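See below for the structure under consideration.
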Amino acid sequence: MIELLSDYTVRLVVIGSALIGATSGGLGCYAYLRRQSLVGDVISHSSLLGIVAFFWLSHFLTGEGNKSLWVLIPGAITAGLAAMLLTRSVTNRTKLKEDAGLGVMLAIFFGTGLMLLRWIQRSSPPISGQAGLDDYLFGMAAAMTSSDLWMICSLALLSAITVLFCWSRLKILTFDEEYAAGLGLPTARWEVLLLALLVIGIVIGLQIVGVVLMVAMLIAPASAARQWTHSLGAMFCIAAGLGATCAASGAFLSSVQKGLPTGPVIVMFLTAVVIASVLLSPSRGILFGRQRLVS
Amino acid sequence: MSAELWALAIAVVTAVSCALCGSLLVVNRQSMVSEALSHAVLPGLALAFFLLRDYNSPWLLISAAAGGMLMIWLTELFRSTRIVDSDASLGIVFAGMFSLGILLVANLLRDTHFHADCVLEGNLVLAPFDRLRWGEVDLGPRDWWLMSGIVTLQLVFILVSYKELKAMLFDPQLAGRFGLRPKLFEMIWLTVVSLTTVAAFNVAGSILIVGLMIAPPAAAFLLTQRLSHLLIVATALAILSAMVGFLVSIPMEIAPTGPVASSAGLIFLLVYLFAPRSGLVSQHFQRKRKRADTIECLVLQLVADNTSLDHLTKNWNSVLRSLIDRELLVQANDKMLLTSFGQSKLDSMLAEL
């Protein structure tokens with residue numbers, strides 16, 4: 001194990017995954033508390049279209065497909081935001097509710113994304129560099145390169161700085177939007193910031209977890225952390241820690257063991273953590289905390 | 001019939017069954033349940049296949065549907081005990097179950113035709129070759145019979161309980177007062193949805209199920225006012241998207257799943273833009289017409305009150321000219337006068353306000 005950890009690629013993957021786990025675990029707290037986990041699911045599925053389209057664009061412009069995160073993450077962000085704006089427009093202007101709007105986005109963005117992906121894989125003459133593009137479905141940590149790690153670092157740093165500087169405002173906005181508006185905060189603008197943080201928390205992990213399962217990487221650490229504490233700060237730290245641990249161990253396991261797609265392995269770790277928290281938590285757990293929960 | 005036609009036929013029946021389920025989910029604001037279900041049925045399916053090694057065993061259906069119900073029950077448990085928020089628990093439970101399923105598929109079933117890609121996309125192209133036989137007689141593809149059976153089941157359910165269904169969907173409290181039990185009813189219906197999802201999973205994979213269950217009913221929701229119309233229009237749109245997607249997939253030489261889901265989504269977008277009353281374009285024109293009407297009404301009122309129009313800016317000239325052209329106003333000695341037609345028009349507009 002120590003030998004494996006000293007291997008350059010494995011070390012890179014483990015460090016990158018831990019960073020990703022910490023970022024999306026922490027940012028997931030906002031999504032969890034604002035009940036946006038289904039929104040997160042739709043953003044992550046939708047980003048497939050952006051990833052595939054930007055890959056194809058890079059092929060179209062330079063003659064060679066580029067799978068670097070510096071190309072694909074902007075694509076994922078674009079598609080995720082587009083899906084959200086379209087959902088908002090549908091729910092505001094028709095009698096359809098949010099759930100139906102979200103479901104339709106899955107058909108539009110994920111369906112079209114998958115269609116484009118298969119078409120790129122099939123195209124003749126073959127598009128160079130397309131091998132491994134379909135790893136974005138279920139995640140492949142071993143595909144991480146050092147330039148990808150820099151992208152992940154900068155996104156993690158950016159979101160950490162934002163969260164630290166805007167801590168109290170984001171907190172007010174998360175728990176009581178009306179109070180925040182009463183204080184004179186421009187809530188619409190802060191909403192956009194929270195949406196941006198949500199999107200960052202999702203796209204950062206698409207490479208290792210994949211578009212299909214990314215919602216668990218976002219929500220599971222937060223819901224496990226919620227069982228142990230009542231303070232947002234503590235919840236944030238616990239969620240980031242759990243996310244980092246699960247992501248790093250999952251990525252490690254899948255890169256040393258063949259035939260294990262990274263995303264599902266990480267999600268299995270996360271699920272175990274959630275189950276343990278739900279059962280064992282001293283105040284809310286099923287095993288020891290039932291009385292207090294009912295009251 | 002050729003294999004391609006059979007594949008299309010299977011896609012169409014699948015589309016119908018998904019649209020019928022989905023209409024009720026969309027009306028009941030449970031659309032995302034289909035997303036969760038279509039992922040949660042995988043571990044049951046994979047486990048039963050691993051144990052039995054028989055692709056056609058009914059136990060596959062049963063254990064997969066049981067997995068779906070387990071997910072719904074777990075979500076409900078989390079929600080009712082308020083341990084985890086309902087939509088978060090939906091996300092966690094289905095992601096966990098789906099991961100388990102994928103790991104089972106990727107490891108235990110590596111040497112079978114059951115692989116991770118067909119979990120997303122199904123096996124529509126191969127479905128026509130799996131025939132149902134009665135002795136020596138070839139009855140047609142098994143999946144076609146399966147999906148037709150499911151559609152029949154749904155139709156019987158909907159027709160038998162149509163009134164109760166409407167009461168439950170639109171006024172659960174009233175339904176409760178009639179002695180119906182909305183929770184129980186919902187569970188029965190979700191079992192049917194779960195069965196449909198499982199049956200469609202073989203052919204369609206998880207992505208198409210969500211696409212077909214939500215996009216056509218959502219589009220139909222914008223076009224209709226009644227539940228019966230909703231069901232019919234949703235079915236028609238689902239069939240249309242299955243056909244369009246299928247035709248697109250042939251020259252692209254890819255599995256039809258992505259194109260079908262995508263065309264269902266695009267059809268929704270078209271309806272959203274161009275629906276006669278609630279579409280974006282018609283909303284835009286309605287707003288524009290309303291604004292023009294208000295301005296005309298204002299001008300007519302000003303003239304009727306004998307107010308001077310001199311202070312009106314040039315922008316209003318076009319309004320005045322159009323009013324004169326339509327003989328609502330006449331110009332006499334630098335003054336505007338209301339014609340009798342203009343007076344009656346003004347009265348009717350004011351009455352409308």
Side-chain angles (χ1 to χ4, degrees), chain A residues 32 35-38 40-41 89-90 93-119 121-122 134 137-138 212-213 215-216 218-220 222-223 226-227 259-261 263-268 270-271 274-275 278 284-286 293, chain B residues 26 29-32 34-35 39 78 81-92 95-96 98-100 102-103 106-107 110 116-117 120-121 207-208 210-215 217-219 221-222 248-249 252-255 257-266 268-269 272 278 280 283:
Chain A
Y32 175 80
R35 303 177 183 210
Q36 284 185 315
S37 65
L38 294 179
D41 187 43
S89 147
V90 167
R93 294 185 175 212
T94 68
K95 50 187 180 166
L96 283 171
K97 297 289 174 275
E98 195 186 27
D99 64 301
L102 289 174
V104 170
M105 294 316 135
L106 284 178
I108 299 176
F109 286 84
F110 190 50
T112 314
L114 200 61
M115 179 171 97
L116 269 185
L117 174 64
R118 295 305 184 214
W119 179 67
Q121 287 179 318
R122 276 267 167 161
D134 59 342
L137 290 174
F138 294 117
V212 180
L213 291 167
V215 62
L218 189 74
I219 295 299
S223 39
R226 179 68 190 90
Q227 311 303 321
L260 293 178
V265 178
I266 294 178
V267 176
M268 288 321 293
L270 289 167
T271 313
V274 173
I275 292 175
V278 165
R284 299 158 58 103
I286 291 179
L293 193 76
Chain B
V26 166
R29 300 176 192 180
Q30 285 180 310
S31 307
M32 291 309 277
S34 70
E35 154 85 347
H39 289 89
F78 277 164
T81 53
R82 290 206 268 154
I83 297 173
V84 181
D85 271 340
S86 86
D87 82 333
S89 60
L90 202 70
I92 295 166
F98 192 61
S99 307
L100 182 65
I102 291 283
L103 288 179
N107 287 286
R110 203 180 306 165
D117 278 352
L120 285 177
E121 297 180 277
I207 137 118
L208 184 57
V210 186
L212 282 178
M213 273 201 188
I214 304 172
F221 200 75
L222 299 181
V248 170
S249 79
M252 288 175 87
E253 297 183 349
I254 55 178
T257 318
V260 172
S262 169
S263 55
L266 289 182
F268 172 84
L269 270 189
Y272 176 51
S278 50
L280 278 196
Q283 274 184 25

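Fair warning: this is a prediction, and the values are worked out from it, not measured in the lab. By convention in this document, chain letters (A, B, ...) are assigned in the order of the sequence lines, proteins followed by strands, and residues within each chain are numbered from 1.
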Quick one: what part of B:L269 sits under 4.5 Å from any heavy atom of chain A, side chain, backbone, both or neither? side chain
Given heavy-atom pairs under 4.5 angstrom as the criterion, report whether the side chain, backbone, both or neither of A:K97 touches chain B. side chain
When rounded to the nearest 0.5 Å, the distance separating CD1 of B:I102 from CE of A:M268 is 11.5 Å
Which atom pair, heavy atoms only, marks the closest approach of A:I108 to B:G265? CG1-CA, 3.5 Å
CZ (B:F268) and CG (A:L96) are apart, to the nearest 0.5 Å, by 5.5 Å
Under 4.5 Å from any heavy atom of chain A - which part of B:E253: both
In Å, rounded to the nearest 0.5 Å, how long is the span from CD of A:E98 to OG of B:S31? 10.5 Å
May I ask you to name which of B:A95, B:G211, B:G91 has the most heavy-atom pairs under 4.5 Å with chain A? B:A95
Top residue by heavy-atom pair count (under 4.5 Å) with chain A, among B:A215, B:S278, B:P259? B:P259
Report which part of A:R122 has an atom under 4.5 Å of a heavy atom belonging to chain B: side chain, backbone, both, or neither. side chain
Any side-chain heavy-atom pair of B:L103 and A:P261 under 4.5 Å: yes
Looking at A:V212, A:L270, A:L102, A:V274, which one has more heavy-atom pairs under 4.5 Å with chain B than the rest? A:V212
Output for pair (B:M213 CE, A:L106 CG), nearest 0.5 Å, gives 13.0 Å
Using only atom types and a distance under 3.5 Å, with no angle test, would you say the side chain of A:D99 pairs donor to acceptor with the backbone of B:Q30? yes
CG on A:D41 to CE on B:M32, rounded to 0.5 Å: 5.0 Å
What part of A:T271 gets closer than 4.5 Å to chain B, counting heavy atoms only: side chain, backbone, both or neither? side chain
Looking only at A:A100, A:A216, A:A220, the option with the highest number of non-hydrogen pairs under 4.5 Å against chain B is A:A100
Residue selection (most heavy-atom pairs with chain A, distance under 4.5 Å) from B:V260, B:L222, B:V210: B:L222
Using non-hydrogen atoms and a 4.5 Å limit, figure out which bit of B:L212 sits close to chain A: side chain, backbone, both or neither. neither
Part of B:Y272 within contact of chain A (heavy atom distance under 4.5 Å): side chain
Below 4.5 Å, heavy-atom pairs only: which of B:A261, B:A219, B:S249 has the largest tally toward chain A? B:A261
